[in-house]
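Only one structure is covered here, and it is reproduced in the block below.
A, B, ... follow the sequence lines: proteins, then strands. Residue 1 opens every chain.
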Protein chains: 2
Amino acid sequence: MSQDAPPPAPARRRDSAATRAAILSAARETFTQRGYDAAGLREIAHAAEVDTRLISRYFGSKEGLFAEVVDLAYEKSMMMTPEHNAQAARTLLTGGHEAPGATGADAAPAEGLLLTLRSASNPRAAAIMRESIERNYQQRLADALPGTDTEGRAALLIAICAGVLLNRHLLGHTALDGPDTERLIPYLHAALDAVAKMPEQQGDR
Amino acid sequence: MSQDAPPPAPARRRDSAATRAAILSAARETFTQRGYDAAGLREIAHAAEVDTRLISRYFGSKEGLFAEVVDLAYEKSMMMTPEHNAQAARTLLTGGHEAPGATGADAAPAEGLLLTLRSASNPRAAAIMRESIERNYQQRLADALPGTDTEGRAALLIAICAGVLLNRHLLGHTALDGPDTERLIPYLHAALDAVAKMPEQQGDR
DNA sequence: ATCGTAAGTCCACACTCGTGGACATGCAAG
DNA sequence: CTTGCATGTCCACGAGTGTGGACTTACGAT
């Protein structure tokens, strides 16, 4: 009890850095769960236990806040190399339901991609995400690919992952969420390899 | 000129069937271009040159209208068999910019999938689309697949196609829309084959 | 020619959205 | 202690949304 904060305030009172961080965290979660359009500033502010008007103060506008959230998501998102295609296929098809609050490097690529999928319908949000993906993620993935056309193939890999997550989590396809989903892992693995590896390496395990 | 309609009215005046069709057509286009949430009933009504209130009269609600549009889109959407993977890969990566008004069987699967992608962020719309896809499209595709786990693999194929279209048309990934996009066709083709064909058929062309 | 009914039209409600400006407050420097 | 400025708070606006109810019109059958 002697550890109580000296001021009688129950929480932080005047800490702009902490406030910014709280807004950012709440925004990441809300945007990921509901998408850019459906997520309201009032809802984000309520989740962050912060006055609504402070968001506009710190981030300028809803777009500004979103851009910062997207950048953060893809900066920290998991790296995917051709060697990890097997694990990626498994994670995409079976994971994703646990650890919804995982932040940072622990977060699966699903975090950023889910955010992208749910906000892609808004053209402004789509432009922001495209820019961030190409700058933060696609470039690193392309550098890890062998052979030629690495940029395009990296984009193709991202597209395949996004498509699976879309059908599984947004549409909720029963065929991708049932107990038989594990049997699809080899197929998805082969599809990823077909894009990530060169033809002569296809058979490698 | 002698073929003019007998009544001096510039357009149809009292034709419930034609009005319904006009609303449906305008709704399909508007929903596809802007997504479920962004498309307003007033906007659809204006495009169909119809009073807004008529939509609620004919279709009950926005959801009812959307459900009918989705069903129509997937009923008529193109069939995709394993033999057509090459053409599908080409169409997904290079086509889609022409014939935006194509209706019926001529419409690429892009039509229905674009509608799906832009509306997937809304949970209600997602549920409607999932139901329609599984009923109208996925089942036929699964029947055309060899081997086992045909339902799941059909869902996987749809997911891959959706992902490519998402990155290309919604996000506007430059790597998937540039002049080098044609070089990616073999890779996408191989990925589709990896899911659609059995392992021993992989090399077949 | 007349009347019933379907087809089409208009007004309005309750609600949510992002954002602007004016005001109160507490921490840190003088 | 006093002052200055960043930090946090509140009210409100105008523009959207989907939809309900009451009204007017024209077509088709009697």
(message) Test of understanding: with side-chain hydrogen bond (donor to acceptor under 3.5 Å, both in side chains), list the residues that count as partners of A:Ser132, not counting sequence neighbours.
(response) A:Asp71, A:Asn136

(message) So, using side-chain hydrogen bond (donor to acceptor under 3.5 Å, both in side chains) as the criterion, who are the partners of B:Glu182 when residues are at least two apart?
(response) none

(message) Just the rounded figure in Å: distance from P of D:dT19 to CG of B:Leu65.
(response) 10 Å

(request) Go through the structure and list residues passing side chain to side chain contact (heavy atoms under 4.5 Å, CB included) with B:Gln139, not counting sequence neighbours. (result) B:Asp143, B:Glu151

(request) When you get a sec, tell me which of C:dT19, D:dT19, D:dT7 is the closest nucleotide to the side chain of A:Ser56? (result) C:dT19

(message) Using a strict heavy-atom distance below 4.0 Å, which residues from residues 119-130 of chain A are in contact with DNA chain C?
(response) none

(request) Just jot down the side-chain hydrogen bond (donor to acceptor under 3.5 Å, both in side chains) partners of A:Arg42, sequence neighbours excluded, or say none. (result) none

(request) Would you mind reading off the distance between A:Ile55 atom CD1 and C:dG20 atom C1', rounded to a whole angstrom? (result) 15 Å

(request) Using the closest heavy atom to pick a nucleotide of DNA chain C for each, name whichever of A:Gly60 or B:Tyr58 lands nearer the 5' end. (result) B:Tyr58

(request) Would you kindly give the CD-to-C1' distance between A:Glu49 and D:dG8, to the nearest whole Å? (result) 15 Å

(request) Can you tell me the distance, in whole Å, between the CZ atom of B:Phe59 and the C1' atom of D:dT19? (result) 16 Å

(request) Would you mind listing every ring pair (Phe, Tyr, Trp, His ring centres under 6.0 Å) that reaches into residues 24-44 of chain B, with sequence neighbours excluded? (result) B:Phe31-B:Tyr36, B:Phe31-B:Phe66, B:Tyr36-B:Phe66

(request) Kindly give the heavy-atom pair with the smallest separation between B:Pro82 and B:Pro146, and that separation in Å. (result) CG-CD, 4.2 Å

(request) Could you check how far CG of B:Leu54 sits from P of D:dG21, rounded to whole Å? (result) 17 Å

(message) Less than 4.0 angstrom between a side-chain N/O of B:Thr19 and OP1 or OP2 of C:dG8, yes or no?
(response) yes

(message) From CG of A:Asp15 over to P of D:dT7, roughly how many Å is that when rounded to an integer?
(response) 9 Å

(request) Could you list the residues that satisfy side chain to side chain contact (heavy atoms under 4.5 Å, CB included) with A:Leu72, not counting sequence neighbours? (result) A:Leu24, A:Glu75

(request) Return yes when atom CZ of B:Arg135 has more than 12 non-hydrogen atoms of other residues, nucleotides or ligands closer than 6.0 Å, and no otherwise. (result) yes

(request) Determine, for nucleotides 10-17 of chain D in 5'-to-3' order, which nucleotides have protein heavy atoms under 4.0 Å from the base (write B), from only the sugar-phosphate (write S), or from neither (write -). (result) B-B----S

(request) Kindly write out the residues that satisfy ring pair (Phe, Tyr, Trp, His ring centres under 6.0 Å) with B:Tyr187, not counting sequence neighbours, or none if the list is empty. (result) none

(message) Whether A:Thr52 contacts C:dG18 is assessed here as follows: a side-chain N or O lying under 4.0 Å from the phosphate OP1 or OP2. Is that the case?
(response) no

(request) Write down the distance between CZ (B:Arg57) and C1' (D:dT25), rounded to a whole number of angstrom. (result) 13 Å

(request) May I have the distance from B:Ile44 (atom CD1) to D:dG18 (atom C1'), rounded to whole angstrom? (result) 12 Å

